[in-house]
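Nothing fancy with the numbering, it's 1 onward along the sequence. Worth knowing before you read on, the calculation uses all heavy atoms, side chains too, and leaves out hydrogens, waters and symmetry mates. First listed ligand is number 1; within each ligand, the first listed atom is number 1.
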Amino acid sequence: MKTWREECAVVGVWNQNEAARLAYLGLFAMQHRGQESAGVVSLYENEHIHHKGLGLVEDVFSEGDLVRLKGKAAIGHARYSTTGQNLLTNAQPLTAQLYNGPVAIAHNGNIVNADELRTKLKIEGSIFQGTNDTEILLHLLAKNPSSDLIEALKESVNQLDGAFSFVVMSHNKLVAIRDSYGFRPLVLGKKLNEEKTYTYVLASETCALDLLGAQYVREIEPGEIFWLDDTGEHSIYFASTRSRQARCIFEHVYFARPDSVVFGQSVYESRKNFGKVLALENQVEADIVVPVPDSGVPAAIGYSSQSGIPFELGIIRNHYVGRTFIQPHQSIRSFGVKIKLNPQSAILTGKRVIVIDDSLVRGTTSKKIIGLVRAAGAKEVHMRIAAPPTIGPCFYGVDTPIKSQLIASHQSIEEIKKFIDADSLAYLSMEGLMYAMKATKKNFCAACFDGDYPTPLYNHKLN
Ligand code: AMP
């Protein structure tokens, strides 16, 4: 069975005229979390209206679609899948008509025991439409005898292991659920509307709340089911608090937008601190600090301020090219670096340059960038990575390749330095990463850096 790894955005809007329009805007703010498909489902007179499609949010929705998506509640989803097979059946929100009415689900994360559950459900007679793990929750709900959606959700999500931040909408409720490890973010915001009542917004990242003019209230807690209905807001816990929580450190390293507050901490500040600690741990004499834009910029600012070495935008990015990782093939990926990044000879010629990036995965990007920086005239190139070496794949929703493609899993730092053709190479240490986050390993999942997976892996293979 193919594994669908999801890097997604979810959004929910409750009690707002033109709720679908807000959900659409929320997805716009979170487009970086997934560019392959987008969808919105609205709630109108106890029924659901849906629209979803393949492509970017701006390509998927027309003005006419948004007019058709009537109602005062809506959920939305933007999705990135990694298998190359990009099917509309896997686009979300997923919808179904159950015994008690319509249900729509949008999911961020990856359920690690999905194959086991899917097989069991198929043996029991469930017919699956697509191949993504989110559909499992629909089938578990469909089979649950309780007529109370919250009760059915509680029993269903207790069977899931792994990463899930869900927004779920029925004919009369908007529900948010976060797995008990807290892998993926999910936040609640509120704003006063024209009717002088509160509009509620649920979103993967606070940058969506900012765009919608909603005040950040709090995170949905790990193990919590939070819901809104005509009687107001409610909350229960489907699981007790774990002593080992597992917020994804990679959200802070790379994935989230820097202007978001994730797990209660500013992503921009974390990245700046990664750079500062990196400078403390790995000193090198140089003339300028140059970020790989945009992902390396906050860390380079931190590195420069800590080391006193001037910050320069020595590499300029073409903003009309998407992230290189959208391209599925290695050959296209390395070409993508050239389309996207242009080193400036006027800044780099004759200089000893420290190049900062947020992470090094396969090493292809760094190799290409160092080649371009040298060709632009740099005298020395010192690569500094604002995260520890990536040694393990992610099974919880970030697209990391299998172990054999992770260069640091089988090569020493010296070997990687040679491969990328740097004069020196250094990474942030694991201790430095946690110190910069003011966190302990007890609260975070850093399995991509230390191989310590917080859940069983079931049938998932490292390679
Ligand atoms: P590479 O070492 O060539 O595989 O790519 C490393 C680059 O990809 C870095 O510049 C990161 O900013 C970026 N990156 C790291 N992790 C991911 C990911 N999960 N998805 C997309 N891009 C990533």
Side-chain angles (χ1 to χ4, degrees), residues 3-9 31-36 79-84 108-110 163 183-184 248-258 267 271 274-275 290-300 315 317 321-341 343 355-373 383-411 413 415-417 419-422 425 427-428 433 445-449:
T3 308
W4 288 87
R5 285 168 293 177
E6 310 278 338
E7 308 190 46
C8 301
Q31 183 78 81
H32 62 290
R33 297 184 73 86
Q35 299 94 15
E36 287 199 359
R79 172 166 190 273
Y80 173 67
S81 72
T82 58
T83 60
N108 175 207
N110 223 56
F183 279 107
R184 301 273 143 240
C248 170
I249 197 79
F250 206 68
E251 292 275 354
H252 275 268
V253 168
Y254 170 80
F255 201 44
R257 252 174 67 160
V267 174
R271 289 183 190 163
F274 297 158
V290 170
V292 175
D294 294 326
S295 55
V297 172
I315 305 172
R317 175 174 165 189
V321 183
R323 287 181 177 194
T324 55
F325 78 100
I326 299 171
Q327 319 289 351
H329 302 299
Q330 186 92 359
S331 55
I332 305 174
R333 188 191 313 279
S334 46
F335 183 57
V337 174
K338 216 154 128 193
I339 310 174
K340 201 166 93 170
L341 302 174
V355 176
I356 312 255
D357 204 356
D358 66 283
S359 59
L360 191 150
V361 183
R362 297 174 187 82
T364 336
T365 309
S366 298
K367 187 180 173 66
K368 201 83 196 171
I369 289 167
I370 291 171
L372 294 172
V373 169
M383 192 73 202
R384 293 292 178 272
I385 305 295
T390 306
I391 55 149
C394 177
F395 302 108
Y396 310 114
V398 171
D399 166 32
T400 346
I402 54 172
K403 208 173 170 72
S404 56
Q405 291 178 17
L406 300 172
I407 191 164
S409 75
H410 55 273
Q411 288 197 28
I413 294 190
E415 286 167 328
I416 302 171
K417 185 200 97 173
F419 172 74
I420 62 175
D421 190 28
L425 165 69
Y427 291 85
L428 181 62
L433 179 75
C445 174
C448 50
F449 301 132

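- Under a 4.0 Å criterion applied to the non-hydrogen atoms of Arg362, ligand 1 contributes the atoms 1 (P), 2 (O), 4 (O).
- Comparing Thr365, Ile420, Val253 by heavy-atom distance to atom 8 (O) of ligand 1, the nearest is Thr365.
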(Q) Please determine whether side chain to side chain contact (heavy atoms under 4.5 Å, CB included) holds for the pair Glu251 and Val267, giving the CA-CA distance in whole Å, both sets of side-chain angles, and the decisive distance to 0.1 Å. (A) CA-CA 8 Å; Glu251 292 275 354; Val267 174; over 6 Å; no
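- Contact analysis leaves Phe255 out of contact with ligand 1, as no non-hydrogen atom separation drops below 4.0 angstrom.
- Residue Asp399 has at least one nitrogen or oxygen atom sitting less than 3.5 Å from a nitrogen or oxygen atom of ligand 1, judged on distance alone.
- Under a 4.0 Å heavy-atom criterion, Asp357 is in contact with ligand 1.
- Using a 4.0 Å heavy-atom cutoff, Val398 is listed among the residues neighbouring ligand 1.
- Here Val361 has heavy atoms under 4.0 Å from ligand 1 in both its backbone and its side chain.
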Q: Using the side chain to side chain contact (heavy atoms under 4.5 Å, CB included) rule, take Arg384 and Val355 through it: C-alpha gap first, then chi angles, then the decisive distance, then the call.
A: CA-CA 6 Å; Arg384 293 292 178 272; Val355 176; over 6 Å; no
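- Residue-ligand proximity, Ser295 to ligand 1, at heavy-atom distances under 4.0 Å covers atoms 12 (O).
- With a 4.0 Å heavy-atom cut-off, ligand 1 is reached by the backbone of Ser359 and by its side chain too.
- Looking at Asp358 against ligand 1, only its side chain comes within 4.0 Å, counting heavy atoms.
- Arg184 places a side-chain N or O within donor-acceptor distance of the main-chain N or O of Tyr396, the cut-off being under 3.5 Å.
- Asp358 and Arg271 are not joined by a salt bridge, as no carboxylate oxygen comes within less than 4.0 angstrom of a charged side-chain nitrogen.
- The OG atom of Ser366 lies 5.0 Å from the CD1 atom of Ile420; values are rounded to the nearest 0.5 Å.
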Q: For the pair Ile369 and Ile315, evaluate side chain to side chain contact (heavy atoms under 4.5 Å, CB included) and give the outcome as yes or no after the intermediate values.
A: CA-CA 9 Å; Ile369 289 167; Ile315 305 172; 3.8 Å; yes
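- Residue Ser366 has no N or O atom closer than 3.5 Å to an N or O atom of ligand 1.
- Residue contact check: Phe250 has heavy atoms under 4.0 Å from atoms 15 (C), 16 (N), 19 (N) of ligand 1.
- Partners of Ala386 under the side-chain contact (heavy atoms from CB on, under 4.5 Å) rule, at least two apart in sequence or in another chain, are Phe274, Leu278, Ala299.
- Each of Val361, Leu360, Ile391 was compared with Leu406 under the side-chain contact (heavy atoms from CB on, under 4.5 Å) criterion, and only Val361 meets it.
- For Phe250, the ring pair (Phe, Tyr, Trp, His ring centres under 6.0 Å) criterion is met by Tyr254, not counting sequence neighbours.
- Checking only distances, Leu360 never comes within under 3.5 Å of ligand 1, N or O to N or O.
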